[in-house]
Amino acid sequence: MAADKIIVFFDLETTGLDTAVCDIIQLAAVYRGRVFNEHTLPRRALTTSATQVTGFRVESDGLWCHGDRVMTIPLADLLTSFLAFLRSFRCPVVLAAHNAKRFDAPVLTRVLRQYSLLQEFQQVVSGFLDTFLLSKNLYRGLPGYSQQFLVSYFLGRSYNAHNAEDDAKMLQELYEAWTPGEMDVLRATFSANSLYFY
DNA sequence: TGCCAGGCCCTCTTTAGGGCCTT
């Protein structure tokens, strides 16, 4: 990966942990001061644990989060808007997320494929960077590698975890604090073309 | 009733199993 590669940090909030079937509720991405943040109404019910963790709830009149009404857009519009956001950079970019390999990347690419947008996505995204793998490679022997723990450990801060925008912003701050070498980043990066599809 | 995610990583391993990370 070139040292000047643009790394866009992103996060998903979904209806559950099963990457084969869960629906996206929120997609947020940040690059320096630029922010993408959209919500969509899921078709699938949230699992009990997802409701507890994220605070999202679907009612007859729409999406709510911790008692606040949340504006939503159709999933197709969310995806095309996200592609337009990515296209606004010097493409292709790298998309970074915590546990991207096992969660965010499989979910995102599955949904993009369902909307026949995967090929377009692969034109603007060269690969995924998994900051969970990166942190384990960089710092052996830590008592944990969850994003909340890492933020507390390296930045000395607590934050609003499970809000995708806050998670993406915190991940960017973590990465900037780590200043990993090019080889470290390469070891934790995988191609957008190498993902398994459902 | 019984099911309930799944794959990488580590080690008390390899003829295996449990912890971790994401929602």
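As a whole-Å value, the separation of Leu142(A) CG from dC10(B) P is 13 Å. Distance, Tyr139(A) OH to dC9(B) P: 19 Å, rounded to whole Å. Atom pair Gln52(A):CD and dT22(B):P shows a separation of 17 Å (rounding to whole Å applied). When the P atom of dT23(B) is taken as reference, atom CG of Asp11(A) falls 5 Å away, rounded to whole Å. Look at CZ on Arg44(A): it is 13 Å from C1' on dT23(B), rounded to the nearest Å. Residue Asp167(A) contributes atom CG, which lies 10 Å from atom C1' of dT22(B) at whole-angstrom precision. Following rounding to the nearest Å, Leu133(A) (CG) and dC20(B) (P) show an atom-to-atom distance of 16 Å. Here dT22(B) presents its P atom at 17 Å from CG of Leu27(A), a figure rounded to the nearest Å.
Between Thr80(A) and Glu120(A) there is no side-chain heavy-atom pair separated by less than 4.5 Å. The shortest side-chain heavy-atom distance between Arg187(A) and Pro180(A) does not fall under the 4.5 Å cut-off.
Listed pair His98(A) / dC21(B) fails the phosphate criterion, with no side-chain N or O lying under 4.0 Å from OP1 or OP2.
The same atom, C1', is picked in dT13(B) and in dG19(B); the two are 15 Å apart, to the nearest Å. Going from the P atom of dC12(B) to that of dA5(B) covers 29 Å, rounded to whole Å. Between the C1' atoms of dT14(B) and dC8(B), the separation comes to 16 Å (whole Å). The separation of dT23(B) from dG6(B), taken at their C1' atoms, amounts to 13 Å, rounded to a whole angstrom.
Considering only the side chain of Arg102(A), dG7(B) comes nearest among dT22(B), dT23(B), dG7(B). When each of dA5(B), dC8(B), dT23(B) is scored by its nearest atom to the side-chain atoms of Asp18(A), the top-ranked nucleotide is dA5(B). Out of dC8(B), dC21(B), dT23(B), the shortest distance to the side chain of His162(A) is found at dT23(B).
Residues Val53(A) and Arg140(A) both approach DNA chain B. Their nearest nucleotides, taken by heavy-atom distance, put Arg140(A) toward the 5′ side. Between Asp104(A) and Lys136(A), the residue anchored closer to the 5' end of DNA chain B is Lys136(A), taking for each the nucleotide with the nearest heavy atom.
Here Ile6(A) contributes atom CD1 and Tyr31(A) contributes atom OH; the two are 4.5 Å apart, rounded to the nearest 0.5 Å.
No side-chain N or O of His162(A) forms a donor-acceptor pair with one of Thr54(A) less than 3.5 Å apart.
Heavy atoms of Phe56(A) sit nowhere under 4.0 angstrom from any nucleic acid atom. Residue Ile25(A) is out of contact with every strand shown, counting any heavy-atom pair closer than 4.0 Å. At the heavy-atom level, Ser49(A) lies under 4.0 Å from base atoms of the strands shown.
Centroid-to-centroid, the aromatic rings of Tyr139(A) and Tyr153(A) stay 6.0 Å apart or farther.
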**Request:** Evaluate the criterion side chain to side chain contact (heavy atoms under 4.5 Å, CB included) for residue pair Tyr115(A) and Phe121(A); output intermediate values, then yes/no.
**Result:** CA-CA 11 Å; Tyr115(A) 283 81; Phe121(A) 175 79; over 6 Å; no

